There are 2 protein chains.
Amino acid sequence: MENIYEKNAKVFKAFCDPNRLMIIEMLQSGEKCACKILEDLNIVQSTLSHHMKILCESGLVGSHHAGKWTHYSLNKEGCEKAKNLLTEITTLNKKCENKKGWVTPDENGNA
Amino acid sequence: MENIYEKNAKVFKAFCDPNRLMIIEMLQSGEKCACKILEDLNIVQSTLSHHMKILCESGLVGSHHAGKWTHYSLNKEGCEKAKNLLTEITTLNKKCENKKGWVTPDENGNA
DNA sequence: ATAACATATCGATGTAAATAGATATGAGGT
DNA sequence: ACCTCATATCTATTTACATCGATATGTTAT
């Protein structure tokens with residue numbers, strides 16, 4: 001079983017690796033096959049396959065097979081979800097915003 | 001030395017841990033001191049300190065000392081930067097968008 | 001000065017994740 | 001049927017990270 005924090009953390013793990021960020025950048029210019037991506041990275045094929053699996057499972061990237069090739073592309077919905085999640089996480093709750101900018105020990109309930 | 005991909009990956013690493021996501025959520029309702037955060041998490045004090053360091057170094061969280069206490073709060077600019085980064089990374093480059101939805105082996109330069 | 005408290009840092013340990021090599025699967029071409 | 005190529009999976013290894021206990025630093029109260 002997995003709580004919401006663990007689930008959300010997994011989404012960001014997809015973005016946590018420099019190689020995966022490079023892959024995502026390559027896909028910004030359109031769909032690419034694995035062999036093309038592999039050319040531009042300093043990793044072996046099995047490592048790329050591992051990263052592509054993580055990107056696909058995170059929903060950020062989609063794939064389809066065409067004969068021998070597997071083509072990868074950015075998945076719009078997956079990317080939107082990630083952006084919405086980040087916004088949700090980083091947005092200050094207006095109602096609770098503290099005008100002073102900090103809480104006092106008293107308000108904290110500490111001493 | 002660190003390239004842009006490694007640098008960006010670090011930003012997302014701040015979001016990669018369930019405990020850090022919980023901390024960020026707590027800070028949405030305003031500034032909190034470490035001891036208050038510690039109460040709500042199942043970790044020891046040294047572990048919290050480690051997470052706060054990562055959050056501060058990522059720029060997502062700011063801190064200020066008030067006597068014995070250290071107060072933490074979400075840093076607006078840092079959060080904006082993270083959101084902008086994610087948008088930049090996940091946005092399809094319109095000019096290069098492929099109408100067919102995939103590239104052919106020929107266009108790839110492969111066979 | 002010393003005691004009590006809040007937080008940071010250090011050192012060790014367990015666990016997860018990245019990587020590579022070897023092998024398997026599956027599609028085309030001959 | 002066999003060979004080649006593209007990708008996936010398996011296994012082992014190394015590296016990175018989360019966690020904790022112990023200790024250090026710095027603050028306030030007595």
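Computed from a predicted structure; not experimentally measured. Below, all heavy atoms of this structure are taken into account, side chains as well, without hydrogens, waters or symmetry copies. Just so we're on the same page: letters track the sequence lines, and every chain starts at 1.
What separates CG of A/Leu55 from P of C/dA18 is a distance of 10 Å, to the nearest Å. The interatomic distance linking A/Trp69 (CH2) with C/dA27 (P) rounds to 14 Å, in whole Å. The separation between A/Glu39 atom CD and D/dA6 atom C1' is 13 Å, rounded to whole Å. The nearest whole Å value for the distance from the NE2 atom in B/His65 to the C1' atom in D/dT25 is 11 Å. A straight line from NZ of B/Lys53 to P of D/dC20 spans 18 Å, rounded to a whole angstrom. Between the CZ atom of B/Phe15 and the P atom of D/dC17 there is a distance of 16 Å, given to the nearest Å. One atom, CD1 of B/Ile43, and another, P of C/dT7, lie 13 Å apart when rounded to the nearest Å. The distance from atom NZ of A/Lys36 to atom P of D/dT7 is 13 Å, rounded to the nearest whole Å.
For residues 50-74 of chain A, there are no salt bridge (Lys or Arg N to Asp or Glu O under 4.0 Å) pairs, not counting sequence neighbours. Residues in residues 7-26 of chain B take part in these ring pair (Phe, Tyr, Trp, His ring centres under 6.0 Å) pairs, two or more places apart or across chains: A/Phe12-B/Phe15, A/Phe15-B/Phe12.
Formation of a donor-acceptor pair under 3.5 Å by the A/Glu31 side chain with backbone atoms of A/Ser63 is not found in this model.
Ion pairing of B/Lys36 with B/Glu39 is absent here, as no side-chain N (NZ or NE/NH1/NH2) approaches a carboxylate O to less than 4.0 Å.
Between A/Asn19 and C/dT19, a side-chain N or O to OP1/OP2 separation shorter than 4.0 Å is present. For C/dT19, one of the phosphate oxygens OP1 or OP2 lies less than 4.0 angstrom from a side-chain nitrogen or oxygen of A/His51. Between B/Lys13 and D/dC17, a side-chain N or O to OP1/OP2 separation shorter than 4.0 Å is present.
Nucleic acid contact for A/Ile54: sugar-phosphate only, since backbone atoms but no base atoms lie under 4.0 Å from a heavy atom of the residue. Residue contacts for A/Ser49: at a heavy-atom cut-off of 4.0 Å it reaches a base atom on one of the strands shown. As judged by a 4.0 angstrom heavy-atom cut-off over every strand, B/Leu38 is placed among residues making no nucleic acid contact. Residue B/Leu48 is classed as having no contact, given no heavy-atom separation below 4.0 Å to the nucleic acid.
Shown here for A/Asn19 and A/Asp17, the closest heavy-atom pair between the two residues is N-OD2, 2.9 Å. B/Tyr5 and A/Leu21 get closest at one heavy-atom pair: O-CD1, 3.3 Å.
Set against D/dA8, C/dT7, D/dT19, the side chain of A/Thr70 has D/dA8 as its closest nucleotide.
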With 3.5 Å as the limit, what N/O pairs link the protein to nucleotides 21-26 of chain C?
unit_1, atom_1, unit_2, atom_2, d
C/dG21, N7, A/Ser46, OG, 3.3
C/dG21, O6, A/Ser46, OG, 3.1

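Applying the 6.0 Å contact sphere to NZ of B/Lys81 captures no more than 12 heavy atoms from other residues, nucleotides or ligands.
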